Amino acid sequence: MATTAERPSVSAEQKEGFERAWSQPTGFLGMLQTIDNIPIAQRYLATSFGFFLLGGLLAALMRIQLGTPDNTFLDAETYNQIFTMHGTTMMFLFVIPFIEALATYLLPLMLGTRDLPFPRLTALSYWTYLFGGLLIYSSFLFGLAPDGGWFAYVPLTNKQWSPGLNLDFWDIALSVAEIAAMGAAAEIIVSVLRTRSPGMSINRIPVFGWAMLVTAFMIIFGFTPLIVGTAMLELDRKGLTSFFVPENGGDPLLWQHLFWVFGHPEVYIMFLPAVGILTHVVQVFARRPVVSYTLVVLAIIATGFLSFGLWAHHMYATGISPMALGYFAAASTVIAIPTGVQVVGWVATLWVGRPLWRTPLLFGISGLVIFVLGGITGVMVASPPFDFQAHDSYFVVAHLHYVLIGGTVFPLFAGLYYWLPKITGRMMDEQIGLWSAVVMFIGFNLAFFPMHISGLLGMPRRVYTYPTEAGFDTYNLLSSIGAFLFAGGVLLSLFNFFRSLRAGRPAGDNPWNADSLEWSNSSPPPNAQYPRIPVVRDRHPLWDEHWRQERMRPEETPARTAEAQEDVEQMAYWPTRWRGALVVSVTEGRPLAVVHMPRRSFAPFIMSVGFLVLFAALIVDQTTFMAVGAGIIAVALIMWFWPQDTETAAMEEMYGPEPKELPLAQAGPAANGFWGTCVFLLIMATALTTIVAGYFYLGGNVALDLVGSPAEPIERPAIAVGLLALGMIPVVAGIRAIGRRRLGLLRLGVTAALLLAALHLWLLIATWLGSGLSPSSDAQHSAFVGVAGFHAVLSVILLVMTAVATIWAWLRPADGRGHAAAWNAALVYGFAIVSGVIVFGVLYLVPRFG
Amino acid sequence: MTQGETEHQLGIETAPTGRLLFGLLGGAAAWSLHFLASYAALSIGCVAGWRGIREILAIGTLVLLAVAVWSTVVAWREWRRVSGNQPWDVALGEPRGWFAYLMLTGVLMGVVSAFTIGLEGWGTLVLPVCGWDVR
Amino acid sequence: MIDWSAGAAAEQIGDLFWTMTTLGAVIFVIFCIALAYALLHRRRPQDPATPERDRKGTRLILWLGAVVPALILVPLFIWTVQTLAALDPRSQRPDLVVDLVGKQWWWEIRYRDSVPGNVFVTANELHIPVGQRVELRLTATDVIHSFWVPELHGKTDLIPGRENVTWIQADRPGVYTGRCAEYCGMQHANMGLLVIAQTPEEFRAWTAGQRRTAAEPRDSLTAKGREAFLGSACALCHQVRGTPAGGYLGPDLTHVASRRTLASALLPNTPGHLGGWIGNPQALKPGSRMPRVPMSREEFSLIHRYLQTLE
């Protein structure tokens with residue numbers, strides 16, 4: 001066991017203080033202030049499940065319409081809105097938020113820490129997601145629901161062919177929800193890498209943790225191109241640019257590339273967390289560790305990589321080069337291998353284990369069977385010649401639902417039945433669970449198997465009706481019946497859940513005799529989660545005792561464990577005046593430092609309201625409200641970064657007369673903020689890559705009439721980038737000055753950097769404004785503006801961050817929070833130089849010499 | 001106790017960060033680069049009317065295949081070096097096994113990447129180069 | 001059932017499909033048996049989690065999860081690549097080249113010819129000679145569409161600003177139904193077309209008929225009908241070769257009466273449906289780009305009569 005039962009006792013006073021520090025604010029206002037992961041994750045789970053039910057309702061409407069030929073239950077317009085919103089809801093508002101919610105709840109518990117690394121970001125993610133979802137659904141009230149498909153292909157979604165606000169709702173409201181997804185991803189990455197319990201080295205992270213880590217990276221690499229793409233589409237729709245307008249040299253296929261470079265990894269973003277869940281469920285109910293942790297984790301990583309090499313298999317029919325088809329087909333084929341490894345791994349675990357029939361396992365196995373069939377049809381559609389037939393037909397509808405419902409929804413239900421006792425403290429009913437699983441399994445297959453056949457018979461996707469002569473009647477009727485059966489199964493589980501809240505048997509700490517740390521905690525866990533931080537000695541900490549005897553274990557690692565034990569000892573029911581958590585080294589899980597955690601804040605909620613106002617105003621083009629929204633966001637930002645009392649308390653205590661052995665990490669590589677900034681830069685680097693690729697795709701480099709043409713002088717932009725690069729000297733000097741406590745130098749350094757960065761931006765913008773670009777009527781000019789605009793936005797962010805660091809340096813030069821601001825600004829500064837050089841090369845050098 | 005002593009006492013063997021990263025992710029990076037560069041070369045080359053696209057791509061494939069294999073070999077050697085004569089899985093669950101664990105992962109990633117590059121290389125040899133789009 | 005035997009392209013795809021399906025079914029059954037056995041078999045009392053079992057299990061996973069799938073997937077991939085190369089539209093010279101333009105929500109079809117006067121345009125009905133390789137040049141003027149006649153070949157997209165190429169070849173005469181497969185807006189569901197494969201003689205006769213300009217009215221009532229047509233909004237969007245009507249937004253109506261269907265394979269071309277379509281297109285195909293043109297009863301019946309003579 002990892003708990004520390006025989007530790008010396010802690011005074012009641014200290015316990016009380018600790019619990020007060022971790023108590024939740026109460027009342028309605030308190031609800032808006034809460035930033036603790038547990039209450040937020042509960043709201044997150046409930047909201048996303050609500051969207052799941054909404055998406056299901058839309059599916060039911062579609063199945064009523066398609067149950068009979070030439071049906072007039074829905075008209076074409078409504079049907080198109082409904083299928084668009086069904087896909088959009090399930091992808092963006094259900095699955096991704098739901099797994100992020102699950103991770104928000106479980107990761108700190110599972111990794112043995114007290115909260116996620118950026119609690120305010122957790123709250124911000126939730127509120128923005130909620131508001132984004134409500135915003136997009138509000139379109140139904142105006143009869144303006146998006147109707148361009150969840151993939152929103154241009155030119156259909158250009159202003160010319162979709163003049164209504166429908167697509168603006170889709171574009172803008174989704175961006176709000178995507179901000180939430182990115183925030184949660186950053187959180188998950190830093191959480192899994194840095195905030196684990198001591199002893200949990202990288203080779204002991206629970207599989208769910210690995211799965212979420214890879215998923216979070218994929219969200220970063222996948223969602224960024226989507227956000228870039230939707231931004232371009234919205235600029236097009238506002239008439240400011242013409243990236244995708246064929247008449248102006250724009251290219252509809254660019255949108256497809258941007259969309260699917262998100263859209264295909266998205267499938268695995270949904271599947272990999274399910275791999276994590278299934279692995280936990282399989283090993284707990286097979287009552288033995290999964291056979292080959294190494295291979296299962298490897299398969300997760302390999303899938304993460306390969307999933308970025310198959311986006312164009314949604315584009316086989318667009319006429320791209322056969323050789324390119326070969327590349328995408330190869331990656332699409334190979335990805336079956338890691339998936340095969342996972343599936344065989346689970347079967348092998350069940351084979352050698354002693355399976356215990358409980359509802360989570362039942363859902364897991366049902367999902368596995370369905371998923372394998374979907375995987376087989378997946379290998380089939382990976383073959384371009386066959387895909388020419390299957391693509392955009394009901395065969396693909398069948399395939400994708402087999403993969404997503406079998407590979408994600410069933411495992412999520414397995415995970416819910418498995419973890420809800422931890423969350424609610426109550427067991428769900430086994431009998432009802434069994435019936436729900438059986439009904440869902442039968443209903444699912446009845447609904448979706450016939451679609452394989454109707455698709456091959458020639459039924460295209462996204463049709464609101466079909467004639468009886470086409471011969472699709474029977475298959476569609478079966479599908480509709482099955483869909484309602486499936487819905488019945490889902491409702492049974494919902495009933496089971498509500499019943500358990502009232503009448504469920506109390507769960508106890510570890511009802512399933514499971515292995516991972518969350519089960520060592522009480523059900524439901526306290527808000528502080530681990531007053532005593534556990535020290536992990538095994539991959540399966542709770543199975544340690546009997547596991548230990550059978551494993552060949554060379555000598556323990558006494559020195560390191562003892563050391564960790566000491567650190568943990570100091571943190572038992574401590575700190576009491578502020579919230580503190582531990583950070584560990586990435587690979588070995590060695591305690592490094594204590595970090596301060598914020599306690600409560602209105603800032604996330606207010607900022608989300610700002611986003612809502614700003615984006616709603618963008619939809620309807622209301623400049624005044626845009627300004628109001630931006631103002632609210634600015635206020636929230638100031639509140640966010642305003643010095644907190646608890647942090648002052650932490651500094652007093654940590655640097656006070658009795659300093660603790662572990663340092664307080666506020667700035668520099670040990671602090672969470674540093675890692676968060678790194679993730680932010682990863683997002684920006686992905687965005688830059690995407691935009692530059694789009695620039696070349698649109699032929700920006702061959703547009704010799706552009707500003708970047710040989711006729712155009714390049715001195716000014718060259719000087720601008722040179723000035724920015726020069727700024728690195730004061731930046732580095734300033735950062736080094738922090739360590740040596742030479743605070744005057746820090747002051748000078750950040751100030752000089754601020755001035756240089758400002759001068760650089762002013763020079764560039766003056767150059768670009770004077771170069772006579774007309775992005776609204778020329779796609780190549782749009783491409784230029786895209787690249788230049790990216791660098792300008794990055795530079796503005798840099799200016800704000802450097803300005804904050806400068807203000808700190810002048811007002812409170814010795815304060816660690818100011819040092820954190822300087823460190824983060826320095827990181828962004830370094831990246832801005834890289835960006836500047838790339839942007840200069842792409843816009844000015846390539847057209848000259850390329 | 002300084003960090004170096006601890007490492008020694010606990011028998012944690014590791015390698016310079018560069019080699020660690022190359023062993024772990026070199027294969028995957030080679031595949032990613034191969035994939036993206038080949039597709040970019042095709043997209044640009046077909047529009048710009050380059051000659052010898054197939055040859056360029058074949059050479060790129062060979063080079064990156066070699067990188068992937070090399071990364072696999074590096075990972076393999078590091079993994080064997082730190083594992084000593086023990087069975088392959090003994091230390092993988094121990095904190096001191098993290099390096100061996102990452103290198104074993106690197107070996108398998110390298111094999112998968114090399115396999116994928118090879119499979120894509122097959123397409124390079126036999127498929128028509130440019131698009132059906134005749135713009 | 002699924003019949004992909006009418007054309008050379010579909011046949012090759014069909015072979016690949018049936019092989020993959022059979023293989024997939026076998027693998028799925030083996031998986032299900034293995035899973036059932038894993039769950040249900042009698043356990044020996046030994047401990048499930050010894051290192052030896054782990055090692056054995058890992059080896060098994062590597063073999064069954066990685067090596068065996070790779071051995072199946074590699075030949076399949078090679079076959080895929082060969083088929084892909086064989087389906088390349090430029091691998092053989094076509095016997096006939098036809099332009100297909102996708103529009104919301106119908107198909108414009110233009111038969112190329114080296115003699116400019118022999119070029120003609122029709123809509124929603126693609127006639128091809130049996131046994132000949134027909135190359136299709138695909139473009140679109142508004143949004144993306146996709147050409148799909150399952151019995152003859154898979155899909156190829158029609159993309160504004162690009163020209164795609166595909167080919168079809170029918171090995172036996174018949175009428176094959178095609179549909180737009182890419183979601184293209186409100187009436188995506190009703191954007192069908194017919195491919196009519198005819199013997200070369202029939203095809204030649206049909207071509208000759210299509211090249212002619214519109215039939216002259218045979219009686220005075222029809223002549224009045226033509227006048228009504230030319231005087232109405234119809235002529236702004238539709239072309240009738242041999243008359244001043246030269247609109248290009250809607251389908252060419254020169255030989256509309258010879259077509260089997262109306263409104264992009266939505267309705268059979270009967271006098272009743274024709275009347276309904278002219279009278280109120282929005283009722284039959286809501287959202288259609290053809291507006292409801294207000295006209296008197298008399299105008300309506302004259303135009304109705306005239307259009308029926310355009311064979």
Side-chain angles (χ1 to χ4, degrees), chain A residues 75-77 80 149 153 155-156 161 246 251-253 287-289 291-292 295 317-319 322 325-326 329-330 333 336-337 340-341 343-345 347-348 350-355 365 369 372-373 376 380 383-386 388-389 391-393 456-458 460 462-466 550-552, chain C residues 2 12-13 16-17 20 24 27-28 31-32 34-35 38-39 43 47-51 53-54 57-58 60-61 64-66 69-70 73 77 80-81 83-85 87-88 142-144 146 148 150 154-157 159-162 164 177 179-189 286-287:
Chain A
D75 60 25
E77 205 175 355
N80 293 344
Y153 271 14
L156 180 61
W161 303 107
D251 196 330
L253 281 194
R287 291 183 279 187
R288 60 149 291 145
V291 177
S292 202
L295 285 183
T318 56
L325 293 188
T333 308
I337 291 175
V341 165
V343 170
V344 179
V347 175
L350 291 169
W351 191 302
V352 294
R354 286 169 293 151
I365 288 167
V369 171
V372 167
L373 200 59
I376 289 169
M380 291 169 68
S383 167
F386 173 63
F388 293 156
Q389 286 284 14
H391 179 65
D392 272 340
S393 78
L456 294 176
L457 287 177
R462 297 148 191 155
V463 291
Y464 74 96
T465 189
Y466 52 90
E550 291 134 17
R551 277 307 257 200
M552 274 168 56
Chain C
I2 302 151
Q12 294 190 36
I13 296 174
L16 190 62
F17 163 69
M20 290 196 296
I27 291 170
F28 183 67
F31 161 77
C32 286
L35 181 65
L39 288 167
R43 321 269 150 182
D47 194 283
T50 58
R53 298 197 104 189
D54 259 10
T58 306
L60 183 84
I61 295 173
L64 290 183
L73 291 172
F77 178 72
T80 283
V81 165
T83 313
L84 196 56
L87 291 177
D88 183 1
D142 39 40
V143 303
I144 300 178
S146 191
W148 184 30
K155 293 160 202 76
T156 309
D157 290 352
I159 304 173
R162 289 178 175 249
N164 268 338
T177 311
R179 286 178 191 84
C180 173
E182 185 61 77
Y183 174 63
C184 54
M186 196 159 154
Q187 280 297 336
H188 163 58

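Quick note: numbers below take in every heavy atom, side chains included, and nothing from hydrogens, waters or symmetry partners. Just so it is clear, the structure is predicted and the values come from calculations on it, not from any experiment. Within every chain, numbering begins at 1; the chains are lettered A, B, ... in the order of the sequence lines, protein sequences first and strands thereafter.
- Counting heavy-atom pairs under 4.5 Å between each of A:Ala329, A:Gly149, A:Ala336 and chain C puts A:Ala329 at the top.
- Between chain A and the options C:Cys32, C:Cys184, C:Pro69, the largest number of non-hydrogen pairs under 4.5 Å is found for C:Cys184.
- Scanning both residues, C:Leu16 and A:Ser383, for their nearest heavy atoms gives CD2-OG, 3.3 Å.
- Using a 4.5 Å cut-off between heavy atoms, A:Pro246 touches chain C through its side chain atoms alone.
- Pairing each heavy atom of A:Val344 with each of C:Gly65, the nearest pair is CG2-CA, 3.6 Å.
- Contacts with chain A were tallied for C:Ile144, C:Asp142, C:Ile27; C:Asp142 has the most, counting heavy-atom pairs under 4.5 Å.
- No side-chain heavy atom of C:Met20 sits less than 4.5 Å from a side-chain heavy atom of A:Ile376.
- Contact of C:Leu73 with chain A is made through backbone and side chain together, with heavy-atom distances under 4.5 Å.
- C:Phe31 is not listed as a side-chain neighbour of A:Leu373, based on a closest heavy-atom distance of 4.5 Å or more.
- Your options are C:Val143, C:Leu60, C:Ile159, and the one with the most heavy-atom pairs under 4.5 Å with chain A is C:Val143.
- Chain A forms more heavy-atom pairs under 4.5 Å with one residue of C:Phe17, C:Trp148, C:Phe77 than with any other, namely C:Trp148.
- Closest heavy-atom contact between A:Val347 and C:Leu35: CG2-CD1, 4.0 Å.
- Only the side chain of C:Pro286 comes within contact range of chain A, with heavy atoms under 4.5 Å apart.
- With rounding to the nearest 0.5 Å, the separation of OG in C:Ser146 from CZ in A:Phe388 is 10.5 Å.
- Ranked by heavy-atom pairs shorter than 4.5 Å toward chain C, the options A:Pro384, A:Ser393, A:Gly340, A:Pro355 are led by A:Pro355.
- In A:Glu77, the CD atom is not crowded: 12 or fewer heavy atoms of neighbouring residues, nucleotides or ligands sit closer than 6.0 Å.
- When each of A:Val343, A:Leu295, A:Thr465 is checked for heavy-atom pairs under 4.5 Å with chain C, A:Leu295 comes out on top.
- How far CG of A:Leu325 is from CG of C:Leu84: 5.5 Å, rounded to the nearest 0.5 Å.
- For a residue to count as touching a neighbouring chain, one of its non-hydrogen atoms must lie under 4.5 Å from one of that chain's; by this rule A:Pro252 touches chain C with the side chain only.
- Among all heavy-atom pairs drawn from C:Gly185 and A:Leu156, the shortest one is N-CD2, 3.5 Å.
- Residue C:Ala70 comes nearest to A:Ile337 through the heavy atom pair CB-CD1, 3.8 Å, listed as atom of the first residue, atom of the second, then distance.
- Between C:Asp54 and A:Arg288, at least one side-chain N (NZ, or NE/NH1/NH2) sits under 4.0 Å from a carboxylate O, which counts as a salt bridge.
- In this structure, the portions of A:Phe386 lying under 4.5 Å from any heavy atom of chain C include both its backbone and its side chain.
- Contacts with chain A were tallied for C:Ala189, C:Ala38, C:Gly287, C:Ala85; C:Ala38 has the most, counting heavy-atom pairs under 4.5 Å.
- A:Asp392 contributes atom CG, which lies 7.0 Å from atom NE2 of C:His188 (distance to the nearest 0.5 angstrom).
- When each of A:Tyr464, A:Tyr466, A:Trp351 is checked for heavy-atom pairs under 4.5 Å with chain C, A:Trp351 comes out on top.
- Summarising the geometry of A:Ala317 relative to C:Asn164, their closest heavy-atom pair is O-ND2, 4.4 Å, with the distance given to 0.1 Å.
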